[in-house]
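A quick write-up on the structure given underneath.
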Amino acid sequence: VYDANTGRAVTRMDAVVSAGFDGAGDKLAVASGGVAKVWDVSRNKATIFALAGRRPPGAVAVALSRDGRTLAAGYSDSSVAIFDVTTGRR
């Protein structure tokens, strides 16, 4: 991930299969390495969203709501989980 203003690398993510910003561009959702993550751009911090007991996690698609409060994560078994980004709860 690069800072668009400076062109400087901010962080690195491997095996990204899906990514998308919220409406304001403040948060980036990523499905990478089978895990769903939301990266807070201003804080340069990622939070992992996982389903308890899921081995391997298998996240293959992500989408954030326009307001950045809700994350939808699609999994390789065709299931979808909806998370509250603020609390991390499903």
Does one hydrophobic cluster hold both F21 and V30, with members joined at side-chain heavy-atom distances below 4.5 Å?
yes
Should L28 and V16 be regarded as members of a common hydrophobic cluster, given that ILVMFWY residues are connected when their side-chain heavy atoms come within less than 4.5 Å of each other, either directly or indirectly?
yes
Least distance between heavy atoms, F83 atom then A50 atom:
CE2-O, 4.0 Å
How far apart are the closest heavy atoms of R90 and A81, and which atoms are they?
NE-CB, 3.9 Å
Set out, in order, the CA-CA distance, both residues' side-chain angles and the distance that settles side-chain contact (heavy atoms from CB on, under 4.5 Å) for V38 and F49, then state yes or no.
CA-CA 8 Å; V38 173; F49 291 84; 3.6 Å; yes
For residues 59-72, which residue pairs pass the side-chain hydrogen bond (donor to acceptor under 3.5 Å, both in side chains) check, not counting sequence neighbours?
S65-D67
Applying salt bridge (charged side-chain N to carboxylate O under 4.0 Å, His left out), can you list everything that pairs with R89, at least two apart in sequence or on another chain?
none
Please confirm whether the backbone N or O of D26 pairs with a side-chain atom of D22, one donor and one acceptor, at under 3.5 Å?
yes
Sub-3.5 Å donor-acceptor pair from the side chain of S18 to the main-chain atoms of V62, do we have one?
yes
Test log, rule side-chain contact (heavy atoms from CB on, under 4.5 Å), inputs K37 and T47
CA-CA 5 Å; K37 304 172 192 174; T47 303; over 6 Å; no
Does R43 have any side-chain contact (heavy atoms from CB on, under 4.5 Å) partners at least two apart in sequence or in another chain, and if so, which?
D40, K45
Worked verdict on L71 versus I82 for side-chain contact (heavy atoms from CB on, under 4.5 Å):
CA-CA 6 Å; L71 169 70; I82 307 296; over 6 Å; no
